[in-house]
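First the structure, in the form of structure tokens, and then the observations on it.
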2 protein chains.
Amino acid sequence: MAAWHALIRGHGGMMRKLEAELQAAHGLSLAAYEVLAHVSEAPDRRLRMSDLTTCSQLSPSGLTRLVDKLVRDGLVERVRCAADARVVYAALTERGLEQLEAAYPTHLRGVRAHAIDRWDRDERDTVACALGKLADLPPH
Amino acid sequence: MAAWHALIRGHGGMMRKLEAELQAAHGLSLAAYEVLAHVSEAPDRRLRMSDLTTCSQLSPSGLTRLVDKLVRDGLVERVRCAADARVVYAALTERGLEQLEAAYPTHLRGVRAHAIDRWDRDERDTVACALGKLADLPPH
DNA sequence: GCCCATCATTTGCAACTGCAAGTGTCTGCG
DNA sequence: CGCAGACACTTGCAGTTGCAAATGATGGGC
């Protein structure tokens, strides 16, 4: 139970700090950053909405609205799929790529400072393994 | 970095499941449950708003509104402090205590099923220790 | 070729949150 | 005493989120 409380508090505190830093330095929420990051890693730097839903922490509707915002901000474009008119790709724009590359060091530094650097190798491995066991895919 | 991703995903998935179960079985959000639990553990089963803010994951305004809701639902009462008129206690009502006692087994079972039981003793200890290191108190 | 179940995504809506500003209270210093 | 500044909490407001329903599209069975 102590482990559970530590998980709640630790996670919460870390997330708030990361979020605040990213917001202050680049005007990006953590959710937005993660979407940009996922998209940038995909082939052609574009990803279907449904794939984004799977790898993000958002429900489909939440993702739709976040992408709306990213489109408004010019970081992403919606591209209809030629083969299947139901699907929409979120595609990184030039500006989106620049923004992501600018934010990346901030984020990496934050994750290190607030999490990874506080653990030794053994803790890192155990956390990765233990937390990995919680992740049977969620029904949003 | 793998550890970090596992943390995000694992935590998110677990929380969604706990939240859904608690909601379905007792109509309580996880945040509400945690507030009730903290209050119930305090002397006289009442706690100052500011102390609740400290131990919960909520901002002061968020907490005010959550307590509003708990008061509406009859689970908690606001009690002004005689010694300092600025201070308000959230005090558990009889009904609040019953509700909490009803929800407790569900929650405990959930935490076990979705987290603790998936770890061996060593993982539990390491998670508690490692996550505990992330928790320098957050500026909400 | 037509329909129906299914799928990918979006929208209406209501709930939850945090920030900044507001209210009322206390406290210490002149 | 009286008041400036700190404190405990609440409110106005705007942004984010999820659920359920709507929209538009596909594809298999007949």
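Chain naming here is simple, since letters A, B, ... match the order of the sequence lines and numbering starts at 1 in each.
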Exercise. Give a yes or no answer on whether the side chain of B:Thr126 reaches the backbone of B:Glu123 with a donor-acceptor pair at less than 3.5 Å.
Key: no
Quiz item: In whole Å, what is the span from the CD atom of A:Glu19 to the P atom of D:dT17?
Solution: 9 Å
Quiz item: Of all the choices, D:dC19, D:dT11, C:dT17, which nucleotide is nearest to the side chain of B:Leu58 once you look at every atom?
Solution: C:dT17
Quiz prompt | Protein-nucleotide distance (A:Met15, atom CE; C:dG18, atom P), rounded to Å | solution = 14 Å
Practice problem: Kindly point out which of C:dT25, C:dT9, C:dC19 is positioned nearest to the side chain of A:Thr64? | Solution: C:dT9
Quiz item: Side chain of B:Arg86, base of D:dC9: donor and acceptor closer than 3.5 Å?
Solution: no
Quiz item: Closest nucleotide of DNA chain D for A:Ala83 versus for A:Lys69: which of these residues is on the 5' side?
Solution: A:Lys69
Quiz item: D:dG18 C1' sits how many Å from B:Gln23 CD, rounded?
Solution: 11 Å
Quiz item: Among D:dA8, C:dT11, C:dA8, which is the nearest nucleotide to the side chain of B:Val87?
Solution: D:dA8
Quiz prompt | Nearest to side-chain heavy atoms of B:Arg48, which nucleotide of C:dG18, D:dA8, D:dA20 | solution = D:dA8
Exercise. Could you state the atom-to-atom distance from CE of A:Met49 to P of D:dG24 in whole Å?
Key: 17 Å
Quiz item: Can any side-chain N or O of A:Arg80 pair as donor or acceptor with the backbone N or O of A:Ala85 at less than 3.5 Å?
Solution: yes
Practice problem: Name the residue closer to the 5' end of DNA chain C, choosing between B:Arg80 and A:Val88 according to the nucleotide with the nearest heavy atom. | Solution: A:Val88
Quiz item: Among the nucleotides C:dT17, D:dC9, C:dT25, which one has an atom lying closest to any side-chain atom of B:Ala31?
Solution: C:dT17
Exercise. Take A:Ser29 and A:Ala82, find for each the nucleotide of DNA chain D with the closest heavy atom, and name the residue whose nucleotide sits nearer the 5' end.
Key: A:Ser29
Quiz prompt | Interatomic spacing from CZ in A:Arg86 to CZ in A:Arg48 - rounded to 0.5 Å | solution = 8.5 Å
Practice problem: Name the nucleic acid region contacted by B:Ser50, choosing base, sugar-phosphate or nothing; use a 4.0 angstrom heavy-atom cut-off, strictly under. | Solution: sugar-phosphate
Practice problem: Specify the separation, in whole Å, of atom CZ of B:Arg16 and atom P of D:dG18. | Solution: 8 Å
Quiz item: With no hydrogens and no angle check, is any side-chain donor or acceptor of A:Arg45 less than 3.5 Å from a backbone partner on A:Ala91?
Solution: no
Quiz item: What's the CG-P distance between B:Asp68 and C:dA15, to the nearest Å?
Solution: 14 Å
Quiz prompt | Value in whole Å for how far the P atom of C:dT9 lies from CZ of A:Arg46 | solution = 12 Å
Quiz item: Checking B:Arg46 against B:Tyr89: charged group under 6.0 Å from the ring centre and within 45 degrees of the axis?
Solution: yes
Exercise. Measure the distance from CG on A:Leu63 to C1' on C:dT9 and round it to the nearest whole Å.
Key: 10 Å
Exercise. Test for a donor-acceptor pair under 3.5 Å between the base of C:dG18 and the side chain of B:Arg65, counting only N and O atoms.
Key: yes
Exercise. Check every atom of C:dT11, C:dC19, C:dT9 against the side chain of B:Ser61 and return the nucleotide holding the closest atom.
Key: C:dC19
